[in-house]
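In what follows, every heavy atom counts, from backbone to side chain, and hydrogens, waters and symmetry copies are set aside. Position 1 is the first residue of the sequence; numbering continues from there.
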Amino acid sequence: MRSQRKTATTLESRHVPVSAAAATTSPTPPRALRERVVGATAIASAAAVLIDNVVVGWVNSPTYAAPMKEVLAFHANHPGAVATAVGLEALNVPLLLLFLTGLHGLVGRRGGAGVHWSRLAMAAGASFSAVTAFYAVLWDGVVLAAGDLTEPSPVLELAWHMHAAAFAWSLPALGTTFIGAALATHAIRLTPPWQRLLGVAGGGLLLAAGAANLAIADGSALLFVGLPGFFAWPVWLLATGVRLIRSYSIDRPQTRTDG
């Protein structure tokens with residue numbers, strides 16, 4: 001026969017407040033919501049980058065080494081494609097900054113092991129966004145100048161060359177953003193080792209290409225050094241975004257039930 005003291009102790013040990021159980025069996029909803037929002041922003045940014053490049057490639061846009069007559073003909077005949085690409089660039093700027101800001105917050109809340117890397121990513125991302133805005137504005141100028149011309153003009157040529165230079169300068173800024181974000185997420189164990197390798201390798205290629213920015217702006221094939229890193233960036237964003245959205249179920253401990 002059980003004593004009254006033992007029975008009372010057993011009942012007391014089985015009684016766990018609902019708030020305490022919720023605190024130990026799952027992350028708080030605000031944390032899960034923050035991670036999902038940051039993840040969705042990363043996926044949206046990656047989608048904008050990919051769609052932008054598909055649009056530009058679909059209409060066979062001229063390279064920076066193309067003759068000015070070809071540049072004029074393309075922009076006079078495809079203003080809609082350029083408008084779509086520039087619009088996606090304008091959309092991607094706030095998406096990228098929101099992702100990097102949210103990521104910095106997540107890094108800080110998870111112990112701060114990668115805070116310095118996330119700060120580097122934010123600073124480089126802000127620089128990349130500024131150069132991208134300059135690049136897009138000049139591309140608008142090329143389209144507007146080409147609309148009333150029958151022959152290339154010095155103004156059109158200047159706008160095109162500055163547009164190319166802005167693109168070349170965006171490569172090292174994106175490479176630094178890539179490396180900082182990849183190392184920050186790895187420091188807090190948010191991403192697996194292959195994503196760190198992808199970020200460091202891809203970002204390194206972008207930095208290497210950026211060192212030859214004058215040649216790239218003039219149409220050099222050195223651009224192809226940075227292209228693998230450029231396309232690795234949206235892949236990393238997609239993988240990180242999916243990881244963040246799924247992190248609630250990944251990190252959530254299994255609730256134990258007694259039969």
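One finds the CD1 atom of Ile188 at 10.0 Å from the CZ atom of Arg109 (value rounded to the nearest 0.5 Å). Separation of atoms NE2 (His75) and OG (Ser61) is listed at 7.5 Å; rounding is to 0.5 Å.
Considering every non-hydrogen atom in both Ala181 and Ala121, the closest pair reads N-CB, 3.6 Å. When all heavy atoms are compared, the tightest approach of Gly199 to Ala182 is CA-CB, 3.7 Å. Taking every heavy atom of both residues into account, Leu183 and Val200 meet most closely at CD2-CG2, 4.0 Å. The nearest pair of heavy atoms linking Ala168 to Ala217 is CB-N, 4.2 Å. Considering all non-hydrogen atoms of both residues, Pro172 and Trp169 come closest at CD-O, 3.2 Å. Annotation for Leu198 and Phe178: closest pair O-CZ, 3.8 Å, computed over non-hydrogen atoms.
Remark: the backbone N or O of Ala159 is not paired with any side-chain donor or acceptor of His163 at under 3.5 angstrom. Although no hydrogens or angles enter the test, the distance criterion places a donor-acceptor pair under 3.5 Å between the side chain of Asn53 and the main chain of Val49. Arg243 places a side-chain N or O within donor-acceptor distance of the main-chain N or O of Leu190, the cut-off being under 3.5 Å. A donor-acceptor pair under 3.5 Å links the side-chain atoms of Ser127 to the main chain of Ala123, judged by distance alone.
No side-chain heavy atom of Arg36 sits under 4.5 Å from any side-chain heavy atom of Leu244. Residues Ile245 and Ile43 have side chains in contact (heavy-atom distance under 4.5 Å, counting atoms from C-beta outward). When side chains are defined from C-beta on, Met162 does not count as touching Tyr135, because their heavy atoms never get closer than 4.5 Å. Residues Pro152 and Glu157 are not in side-chain contact: their nearest non-hydrogen atoms beyond the backbone lie 4.5 Å or more apart. Side-chain contact between Val131 and Phe167 is absent, with no heavy atoms from C-beta onward closer than 4.5 Å.
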Table please: side-chain donor-acceptor pairs of residues 92-101 below 3.5 Å, with sequence neighbours left out.
| unit_1 | atom_1 | unit_2 | atom_2 | d |
| --- | --- | --- | --- | --- |
| Asn92 | OD1 | Ser45 | OG | 2.6 |
| Thr101 | OG1 | Leu97 | O | 2.8 |

Cut-off 3.5 Å, no hydrogens considered: what does the side-chain donor-acceptor table look like for residues 218-242, sequence neighbours left out?
| unit_1 | atom_1 | unit_2 | atom_2 | d |
| --- | --- | --- | --- | --- |
| Ser220 | OG | Leu222 | N | 3.1 |
| Thr240 | OG1 | Gln195 | NE2 | 2.9 |
| Thr240 | OG1 | Trp236 | O | 2.8 |

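Linking Ile, Leu, Val, Met, Phe, Trp and Tyr residues whenever their side-chain heavy atoms come within less than 4.5 Å places Val142 and Met68 in a single cluster. Taking hydrophobic clusters as Ile, Leu, Val, Met, Phe, Trp and Tyr residues chained together by side-chain heavy-atom distances below 4.5 Å, Ile179 does not share a cluster with Leu174. Residues Leu138 and Leu156 do not share a hydrophobic cluster, clusters being chains of Ile/Leu/Val/Met/Phe/Trp/Tyr side chains in contact below 4.5 Å. Under the 4.5 Å side-chain heavy-atom criterion for ILVMFWY residues, no single connected hydrophobic cluster contains both Trp139 and Leu91. Taken together through direct or relayed side-chain contacts under 4.5 Å among Ile, Leu, Val, Met, Phe, Trp and Tyr, Leu88 and Val56 form parts of separate hydrophobic clusters.
Sparse packing is recorded around CH2 of Trp58, with 12 or fewer heavy atoms of other residues, nucleotides or ligands lying under 6.0 Å away. Annotation: Leu214, atom CG; neighbour count of heavy atoms from other residues, nucleotides and ligands within 6.0 Å does not exceed 12.
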Worksheet item: Taking it one step at a time, do Glu89 and Asp52 satisfy side chain to side chain contact (heavy atoms under 4.5 Å, CB included)?
Response: CA-CA 7 Å; Glu89 294 285 359; Asp52 186 9; 2.6 Å; yes
Item to complete: Would you sort out whether Leu171 and Asn213 count as a side chain to side chain contact (heavy atoms under 4.5 Å, CB included), showing the intermediate values?
Response: CA-CA 8 Å; Leu171 297 178; Asn213 63 86; over 6 Å; no
Worksheet entry | Steps toward side chain to side chain contact (heavy atoms under 4.5 Å, CB included) verdict (Phe128, Thr176) | CA-CA 9 Å; Phe128 173 75; Thr176 307; over 6 Å; no
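Donor-acceptor pairing under 3.5 Å is lacking for the side chains of His186 and Trp117.
With ring centers used as reference points, Trp160 lies under 6.0 Å from Tyr64.
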